[in-house]
Amino acid sequence: MKENKQQYQGALLSSKRFLPLFVTQFFSALNDNVYKQSILLILIFQAATVADGAFYSNVAAGLFILPFFLFSGMAGQIAEKLEKSKLISIVKFCEIPIMLVGVVSILTEQVWLMLGTVFLMGLQSTFFGPLKYSILPQHVAPHELTKANGLVESGTFVAILLGTVFGTYYITQAAGPVYISIAIVILAVIGYLSSRFIPKSAANDANLKVSLNPISSTKSVFNVLNAQTESVGKSVLGISWFWLIGAVILTALPNYVKHVMGGDELVVTSALVVFSLSIALGSLLCEKLSRSRIELGIVPFGALLISLFLYLLSQEPSIEFYRQTNESLLTLEQVINTGDMLWHFIWMAGIGIAAGFYTVPLYALIQQRTHPDSRSRVIAANNVLNALFMVGSAVLSIVTLTLLHWEISQLLLLLAGLNLLISLYIYSKVPEFFLRFIIYILAICMYRVRTKGTLNMPDDGVAVVVSNHVSFVDWMFILAASPRPIRFVVFAPIYYSPALNWLFKMAKAIPIDSEKANPKAFNKAFDDIAQALERGELVGIFPEGKLSGDGEVDVFRRGIEKIIQRTPVPVIPVHLDGLWGSMFSRKTKWRLPRPKWSLVSVTIGEMVAAQKVNADDLRERVIALK
C-alpha cells in the first residue's frame, strides 16, 4: 500500500479544513500592519520634535501589547470552553467596528483615538491568538502539523511585510488617508467573511470556569503550563526568546542600515523585505527538511544558524571608501555593487530562514504534546510570555544603545552569545532536542533514509517496538522514524561505556545485563520497562539480544514475552535494512559511510495485540517486512 502521509503543501492549502483559517489569519495580520504603520507615520509627522515622535511610537507599541498581559488568560479559558470557529467569527466581526473607529482616527488625526484603536486591535489579537493555534490540531492530521504551522508562519510574515509597505507608501500620498481608510475596512470584512467558512471544532472543556479577573486568569493559564511536560514548557520559552530576538532586529534594522551599511530609505525597505520573506521561506523549507513530520532535530540547527548569522551581521563593513566618493547615503544599487555590504543582506536572509527552522517545530510540538483540554490555555500563557519578552527586547535595546552607548553591532553580537546560552539551557533541560539533532545529522546527512509504514507508529499510546539488530546505531534510525521518544533497552556494558554513557542517558535508555552475570541489573531492567509502559511511553528492544554476525535475523529470545505478560501492551515490529556492512556493523569496523549512495530502509509493521505476542511469530513478522 502506498504511503499517503507525504502530501504537497498545495493540497493542504486548498483544503476546506485549512484554507479559511489561513486566509483569516493572513488578512488579520495584513490589516494590523497597514493600520499600525499608517498611524505611526501620522504620529511621527504630527510630533513637534523627534523625541515626541519616539514617545508616540513607544506608547502605541505598549498599548498594542498591554491586552496580552491583561486578557490572555481569559482568552485562553474562553477558547477552551466554547466552540472555536464561532468564537473566531465573533472576534473577526469585532474587527469591523474597530476599523471604522480607526477610519475616524485617521481622517481626523486625533491622537487619542488612534492610540485607543491600537489598544482595541491588540485586544482583538489577544483573543484571536489562542484560537488560531489551538484549532489547528482539530482540523489537521498530526503529520500535517509542521506543514500547517509553516504555512501560517510564512503567510503571517508576508502579510506583515505587505501591510508595512502598503501603509508606509499610501499614507505619504495626498489621498493616502482615504485609501488607507477604505483598505482597512475592506480587509476587516474579508477576514470576517473567510472566518465564516472555518469548520466547526468542538469545545475542549465545556465545564471550564472562566475567570474575569486578569490576575487569577493569567495565574491559571501559567499553572496549566507548569503542569505540562518539560518539552512543552521549554518550547514555549524558546518561542518567546525568538520574539525577543526578532523585536530587537526589527527595531534596530533602520539604524543598522543607515549607520552601519550607510544605506538610504530604499535600502531600509529592502532589508525589511529580505528579513520578512526569508522567515516565510524558512517556515516553508522546514516542512521539507522535516519530511512532513515534527522534527525536533531542526530546532538546534536553526538556533546555531541564528547565532552564526547574528555574529556575521555584527561584523561591520567598511564604508569609508564609499563615503569618500559619495557623501550622501548609498542607494540600493550602490549597496548591491559593494561586495561586503551585499553579504549583510545574505546574513539577514540567513537569520530569517534559520528562524523558520527554529520556531515552526516548536509550535507544532506544543500543539501535538499538549492535551486538547488545556491546549488553548498553554498557547495563551505563551502569548503572555511573548509579550513579556518583547518588552524585554525594548529594555535591552534602551540599556545597551542609550544608557551604555553601545553600537548596534555590539548588541547583535550580544544577542548571538545569549542565543547560544539560552539554547544550551533549553537543551540541557530537554535533551530530546539535542538527541534528535544528532540523529537528524546522522540519518539525513550521512545516509539516505527511506521509511515505510510510518502511519503504524502511534503519535500517542503505549507500545513495545521490536526490531532486528544490525548495527550499533539501529536505535537512532528507529527513533528518527518515530514521531515521539522511544526508550531503548541497551546492553549494560555498552550503556556504561565512557564514550557513550552521556548519549544513552540523554536518550533515557534502559540498561540491561545478562541474568547470569548480573541478576540484580537484569531484574531492575524489567522493572524499569514495566514502569515506562505504565506511564504510556514507547519502549524499544532488540529481541535477538546481540548484533547480527552475518546480517541475517537471529532467533528472538523470550524476554519480549516476559515483558508483555507483565504489562500487556501491543507490539510494533520494525525491520532495518542497509546498515549491514556499514562502519557501525560487525562486518567492517572502520568502513566510512557513503553519504551519496548509502540507503537505509526502516519498515514499520502493523501493531500486534498483546494476546497474540509470541517471540517466534514476531521474528517472522520482522523478516516479512523486508
Looking at Leu533 and Val462, what are the two nearest heavy atoms and their distance? O-CG2, 3.2 Å
For Ile98, which residues count as a side chain to side chain contact (heavy atoms under 4.5 Å, CB included) partner, sequence neighbours excluded? Thr117, Leu120, Met121, Gln124
Any Phe488 side-chain heavy atom under 4.5 Å of Phe542 side chain: yes
Under 4.5 Å between any side-chain heavy atoms of Pro137 and Arg375, yes or no? yes
Across all chains, not counting sequence neighbours, the salt bridge (Lys or Arg N to Asp or Glu O under 4.0 Å) partners of Glu537 are Arg487, Arg535
Over all heavy atoms of both residues, which pair between Val569 and Ile564 is shortest? Give the atoms and the distance, please. O-CD1, 3.6 Å
Determine whether more than 12 heavy atoms belonging to other residues, nucleotides or ligands lie under 6.0 Å from atom CZ of Phe301. no
For the student: nearest non-hydrogen atoms of Pro20 and Ser15, plus distance: CD-O, 4.0 Å
Under 3.5 Å, is there a donor on one side chain and an acceptor on the other for Ser217 and Ser211? no
Full working for side chain to side chain donor-acceptor pair (under 3.5 Å) between Ser85 and Glu83: CA-CA 6 Å; Ser85 66; Glu83 195 274 316; 2.5 Å; yes
What residues form a side-chain hydrogen bond (donor to acceptor under 3.5 Å, both in side chains) with Arg377, not counting sequence neighbours? Glu80
Hey, what's the ring geometry for Phe22 with Phe26, parallel, tilted or perpendicular (30° and 60° as the breaks)? parallel
State whether a side-chain donor-acceptor pair under 3.5 Å links Ser125 with Asp32. yes
Heavy atoms from other residues, nucleotides or ligands near CZ of Phe526 exceed 12 (cutoff 6.0 Å): yes
For residues 234-244, please give each side-chain donor-acceptor pair under 3.5 Å, one per line with the distance, not counting sequence neighbours.
unit_1	atom_1	unit_2	atom_2	d
Lys234	NZ	Glu230	OE2	2.8
Ser235	OG	Ser231	O	2.7
Ser240	OG	Val236	O	3.2
Ser240	OG	Asn386	N	3.4
Ser240	OG	Asn386	OD1	2.8
Trp241	NE1	Asn419	OD1	2.8
Trp243	NE1	Tyr363	OH	3.4

Looking at Ile215, I want to see if its CD1 is surrounded by more than 12 non-hydrogen atoms of other residues, nucleotides or ligands under 6.0 Å. no
Nearest heavy-atom pair of Ala247 and Ser393: which atoms, and what distance? CB-OG, 3.3 Å
So Arg436 and Leu479, side-chain contact (heavy atoms from CB on, under 4.5 Å) or not? Walk me through it. CA-CA 8 Å; Arg436 298 293 301 212; Leu479 193 55; 4.0 Å; yes
Quick one: side-chain hydrogen bond (donor to acceptor under 3.5 Å, both in side chains) partners of Asp527, sequence neighbours excluded? Arg566
Phe275 vs Leu161, side-chain contact (heavy atoms from CB on, under 4.5 Å): CA-CA, chis, key distance, verdict: CA-CA 9 Å; Phe275 186 65; Leu161 173 64; over 6 Å; no
Run Gln368 and Asp460 through side chain to side chain donor-acceptor pair (under 3.5 Å) and show every step you take. CA-CA 9 Å; Gln368 183 199 51; Asp460 51 42; over 6 Å; no
With a 4.5 Å limit on heavy-atom distance, are the side chains of Val391 and Phe69 in contact? yes
Can you tell me how far the CE atom of Met99 sits from the CG atom of Asn31, to the nearest 0.5 Å? 5.0 Å
Under the side-chain hydrogen bond (donor to acceptor under 3.5 Å, both in side chains) test, which residues partner Glu295, sequence neighbours left out? Arg291
Listed partners of Phe197 passing ring-ring contact (aromatic ring centres under 6.0 Å, His included), at least two apart: none
Does the Gln228 side chain pair with the main chain of Val224, one donor and one acceptor, at a distance under 3.5 Å? yes
Distance only, no hydrogens: is a donor on one side chain within 3.5 Å (strictly under) of an acceptor on the other, for Ser194 and Thr24? yes
Between Phe127 and Ile90, does a side-chain contact (heavy atoms from CB on, under 4.5 Å) hold up when you go through it step by step? CA-CA 10 Å; Phe127 282 87; Ile90 293 173; over 6 Å; no
Which residues pass the salt bridge (Lys or Arg N to Asp or Glu O under 4.0 Å) test with Asp373, not counting sequence neighbours? none
Side-chain H-bond candidate by donor/acceptor type, Ser467 with His575, under 3.5 Å: no
Let me confirm one number: the CD-NZ distance from Gln138 to Lys84, rounded to the nearest 0.5 Å. 4.0 Å
Between Leu415 and Leu396, is a side-chain contact (heavy atoms from CB on, under 4.5 Å) present by the stated rule, with each step listed? CA-CA 10 Å; Leu415 280 180; Leu396 179 63; 4.1 Å; yes
Residues in salt bridge (Lys or Arg N to Asp or Glu O under 4.0 Å) with Asp205, at least two apart? none
Write out all pairs satisfying salt bridge (Lys or Arg N to Asp or Glu O under 4.0 Å) with one or both partners inside residues 362-372, taking only residues at least two apart or from two chains. Arg369-Glu432
Working to the nearest 0.5 angstrom, can you tell me the gap between Phe68 CZ and Thr218 OG1? 13.0 Å
If you apply the rule side chain to side chain donor-acceptor pair (under 3.5 Å), what do you find for Ser283 with Ser154, and how did you get there? CA-CA 6 Å; Ser283 299; Ser154 61; 5.7 Å; no
Compare every heavy atom of Ile298 with every heavy atom of Cys286, then report the nearest pair and how far apart it is. O-CD1, 4.0 Å
Side chain of Asn382, backbone of Val378: donor and acceptor closer than 3.5 Å? no
Would you say Thr370's side chain and Gln367's backbone share a donor-acceptor pair under 3.5 angstrom? no
Look up atom CG in Leu212 and atom CZ in Phe71, then write down how far apart they are to the nearest 0.5 Å. 10.0 Å
Within a 6.0 Å radius of atom NZ on Lys81, are there more than 12 heavy atoms belonging to other residues, nucleotides or ligands? yes
Not counting sequence neighbours, which residues clear side-chain hydrogen bond (donor to acceptor under 3.5 Å, both in side chains) with Thr126? List them please. none
Taking salt bridge (Lys or Arg N to Asp or Glu O under 4.0 Å) as the test, write out the residues that go with Lys86, two or more places apart. none
With distance as the sole criterion, is a donor-acceptor pair present between the side chains of Ser28 and Lys92 under 3.5 Å? yes
Heavy atoms of Tyr427 and Phe433 approach each other most closely as CD2-CB, 3.4 Å
Give a yes or no on this: more than 12 heavy atoms of other residues, nucleotides or ligands lie within 6.0 Å of atom CG of Asn501. yes
Nearest 0.5 Å please: distance from the CG atom of Leu151 over to the CD atom of Glu144. 10.0 Å
Gap between atom CD1 of Ile529 and atom CD1 of Ile541 - 0.5 Å precision: 6.5 Å
